[in-house]
*Asks:* 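Quick one: this structure, given as structure tokens, is what I'll be asking you about.
Just so it is clear: chains get the letters A, B, ... in the order the sequence lines come, proteins before strands, and each one is counted from 1.
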Amino acid sequence: TQLLEQSPQFLSIQEGENLTVYCNSSSVFSSLQWYRQEPGEGPVLLVTVVTGGEVKKLKRLTFQFGDARKDSSLHITAAQPGDTGLYLCATSPRGSYIPTFGRGTSLIVHP
Amino acid sequence: DSGVTQTPKHLITATGQRVTLRCSPRSGDLSVYWYQQSLDQGLQFLIQYYNGEERAKGNILERFSAQQFPDLHSELNLSSLELGDSALYFCASSVGAGGGIETQYFGPGTRLLVL
């Protein structure tokens, strides 16, 4: 059983469409991170959320941490081909320093 | 460019062999993390070193070992290699000792193929 469940697993859309990907768990987290990994590269941190209900915006990307701090979502407005990549959520279980990643959502944005 | 360097970029070897992967963290970062990424398992944490000492251990096989040297670079040794060890191996670094909100900077990875 994965600590972090991400959905959907795959997403293929056209340029200009909006999309939302999700990261869910049955556990409560003190913080959660989103990374993007482009093909052939290592993951790059996009954002860290720490407060329940928190919303952070990064240009066309909007990140939300659930009120109960068990889930998070990433919404992309007007997706562009440059948004193509694997979106990973990550956290460390309480009392642990072990980083845990979800399996990711693989996004392809077609021109 | 994250500032984290990994060598080699690609490695092809045979079952039963031993290989060493090398990582240099960003300047000033004290922690080094090693991960294995495969299609069926996703990104799996192996081990973390902080300032030369082992800090956290994940699902690292006994055939695998790592160390961090006084200059803070790290090496991951994989021995008695099996076909299933074929994967991408990433190194990441961070400033502090780790924890949920610390930013990790990932290297470009080493792609290992065991034949």
*Asks:* Let me know if Y105(B) has heavy atoms under 4.5 Å from chain A in its side chain, its backbone, both or neither.
*Replies:*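 Neither part.
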*Asks:* Hydrophobic cluster membership, with links at side-chain heavy-atom distances under 4.5 Å among I/L/V/M/F/W/Y: are W34(B) and L78(B) in one?
*Replies:*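 In one cluster: yes.
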*Asks:* If every non-hydrogen atom of F90(B) is compared with every non-hydrogen atom of Q37(A), which pair is closest and at what distance?
*Replies:*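 Between these two residues, the closest heavy atoms are CZ-NE2, 3.3 Å.
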*Asks:* Could you look at R111(B) and say if it's the side chain, the backbone, both or neither that has a heavy atom under 4.5 Å from chain A?
*Replies:*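 No part of it gets close to chain A.
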*Asks:* Is the CD atom of Q14(A) crowded by more than 12 outside heavy atoms at less than 6.0 Å?
*Replies:*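 Counting neighbours around CD of Q14(A), more than 12 heavy atoms of other residues, nucleotides or ligands fall under 6.0 Å, so yes.
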*Asks:* Do Y22(A) and F63(A) sit in one hydrophobic cluster, given that two such residues count as connected whenever their side-chain heavy atoms are within less than 4.5 Å of each other, even indirectly?
*Replies:*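 They do not share one cluster, since no chain of ILVMFWY contacts under 4.5 Å joins Y22(A) to F63(A).
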*Asks:* Quick check on A97(B) against chain A: is it the side chain, the backbone, both or neither that has a heavy atom closer than 4.5 Å?
*Replies:*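 Contact with chain A is through the backbone of A97(B) alone.
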*Asks:* Would you give the length of the straight line joining atom CD1 of I98(A) to atom CD1 of I47(B), rounded to the nearest 0.5 angstrom?
*Replies:*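 Nearest 0.5 Å value for the CD1-CD1 distance: 10.5 Å.
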*Asks:* Distance check, rounded to the nearest 0.5 Å: Q44(B) atom CD versus T100(A) atom OG1?
*Replies:*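 Result: 8.5 Å between the selected atoms.
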*Asks:* Counting only heavy atoms closer than 4.5 Å, note whether L39(B) contacts chain A via side chain, backbone, both or neither.
*Replies:*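 Looking at L39(B), just its backbone touches chain A.
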*Asks:* Would you say L81(B) and L88(B) are hydrophobically clustered, going by side-chain heavy atoms of ILVMFWY under 4.5 Å?
*Replies:*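 No: no chain of side-chain contacts under 4.5 Å links L81(B) to L88(B).
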*Asks:* Treat each ILVMFWY residue as a node, draw an edge where side-chain heavy atoms are under 4.5 Å apart, and state whether Y33(B) and L76(B) are in one component.
*Replies:*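 Cluster IDs for Y33(B) and L76(B) differ.
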*Asks:* So with a 6.0 Å cut-off around CG of N59(B), is the heavy-atom count from everything else above 12?
*Replies:*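 No, not enclosed.
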*Asks:* Do Q104(B) side-chain atoms and L45(A) backbone N/O form a donor-acceptor pair below 3.5 Å?
*Replies:*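 No; zero donor-acceptor contacts below 3.5 Å.
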*Asks:* Treating Ile, Leu, Val, Met, Phe, Trp and Tyr as nodes and any side-chain heavy-atom pair under 4.5 angstrom as an edge, say whether L46(B) and L21(B) lie in one connected cluster.
*Replies:*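 Yes: a chain of side-chain contacts under 4.5 Å links L46(B) to L21(B).
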*Asks:* Locate the shortest heavy-atom distance separating K9(B) from G40(A); write the atom from each residue and the value.
*Replies:*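 For K9(B) and G40(A), the tightest heavy-atom pair comes out as NZ-O, 4.5 Å.
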*Asks:* What part of S2(B) gets within 4.5 angstrom of chain A, counting heavy atoms only: side chain, backbone, both, or neither?
*Replies:*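 Nothing of S2(B), per the 4.5 Å heavy-atom cut-off to chain A.
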*Asks:* Do P99(A) and Y35(B) touch side chain to side chain, with heavy atoms closer than 4.5 Å?
*Replies:*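 In short, these two side chains touch, coming nearer than 4.5 Å.
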*Asks:* What part of Y35(A) lies closer than 4.5 angstrom to a heavy atom of chain B: side chain, backbone, both or neither?
*Replies:*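 The answer is the side chain of Y35(A).
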*Asks:* Do you know which of Q48(B), Q37(B), K57(B) has the most heavy-atom pairs with chain A at a distance under 4.5 angstrom?
*Replies:*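 Sorted descending by pairs with chain A, the first entry is Q37(B).
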*Asks:* Using 0.5 Å steps for rounding, measure from the CG atom of D1(B) to the CD atom of E41(A).
*Replies:*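 So the gap between those two atoms works out to 9.5 Å.
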